[in-house]
Amino acid sequence: METPVKSKFKKRKKKVCVFCVDKNKLDYKDVGLVKRFISDRAKILPRRMSGCCALHQRMVATQIKRAREIGLIPFSLD
């Protein structure tokens with residue numbers, strides 16, 4: 001009998017999309033929710049860090065860009 005080989009790497013839990021689970025609506029006027037998807041250097045977080053699905057990640061990006069144009073969120077934190 002062969003013994004099972006143990007893996008060196010831990011399996012990560014797959015992140016679930018916040019918007020798919022709760023059916024939340026993302027709006028550029030909701031600055032608190034939009035800031036959740038921005039890094040400390042005011043960049044848009046990638047999907048692997050934000051945990052959004054592809055559809056909602058595109059929506060997040062457009063809402064962040066709208067909020068920046070209006071002036072609710074700064075373009076950079078210099």
Side-chain angles (χ1 to χ4, degrees):
M1 285 180 72
E2 293 183 26
T3 58
V5 179
K6 289 187 178 180
S7 176
K8 294 184 208 178
F9 306 104
K10 290 183 180 180
K11 288 190 177 182
R12 286 188 182 172
K13 248 193 216 180
K14 187 170 179 173
K15 291 183 181 178
V16 241
C17 179
V18 178
F19 302 106
C20 290
V21 172
D22 294 337
K23 303 292 183 195
N24 286 341
K25 293 283 185 177
L26 179 66
D27 191 22
Y28 66 93
K29 293 174 274 187
D30 189 3
V31 179
L33 184 63
V34 172
K35 278 190 175 182
R36 182 176 166 191
F37 299 101
I38 296 177
S39 70
D40 57 344
R41 296 183 179 245
K43 291 185 173 184
I44 300 171
L45 290 176
R47 268 184 65 196
R48 65 180 179 273
M49 293 179 72
S50 67
C52 293
C53 63
L55 173 74
H56 288 115
Q57 180 67 24
R58 286 191 297 269
M59 292 170 112
V60 164
T62 54
Q63 297 302 324
I64 289 172
K65 291 172 187 176
R66 280 185 187 160
R68 283 178 176 166
E69 284 293 319
I70 292 174
L72 298 175
I73 297 173
F75 280 93
S76 63
L77 298 175
D78 292 334

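In this chain, residues are counted from 1 in sequence order. Bear in mind that the values here come from a model prediction, so they are computed numbers and not experimental data.
By the criterion of side-chain heavy atoms lying less than 4.5 angstrom apart, applied directly or through intervening Ile, Leu, Val, Met, Phe, Trp or Tyr residues, V18 is not grouped with L33; the two fall into different hydrophobic clusters.
Looking at heavy atoms from C-beta onward, L72 lies out of side-chain contact with K35 at the 4.5 angstrom threshold. A heavy-atom distance below 4.5 Å is found between the side chains of C20 and H56.
Formation of a donor-acceptor pair under 3.5 Å by the Q63 side chain with backbone atoms of K29 is not found in this model.
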List the steps and the verdict of side-chain contact (heavy atoms from CB on, under 4.5 Å) for Q57 and F19.
CA-CA 10 Å; Q57 180 67 24; F19 302 106; over 6 Å; no
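Atom CD1 of I64 is separated from atom CD of E69 by 13.5 Å, given to the nearest 0.5 angstrom. Separation of atoms CD1 (I44) and OG (S39) is listed at 9.5 Å; rounding is to 0.5 Å. The SG atom of C52 lies 8.5 Å from the CG atom of L26; values are rounded to the nearest 0.5 Å. Interatomic distance, L45 CG to R36 CZ, rounded to the nearest 0.5 Å: 10.5 Å. With rounding to the nearest 0.5 angstrom, the OH atom of Y28 is 14.5 Å from the CE atom of M59.
Across D27 and V34, no two heavy atoms sit closer than the pair O-CG2, 3.5 Å.
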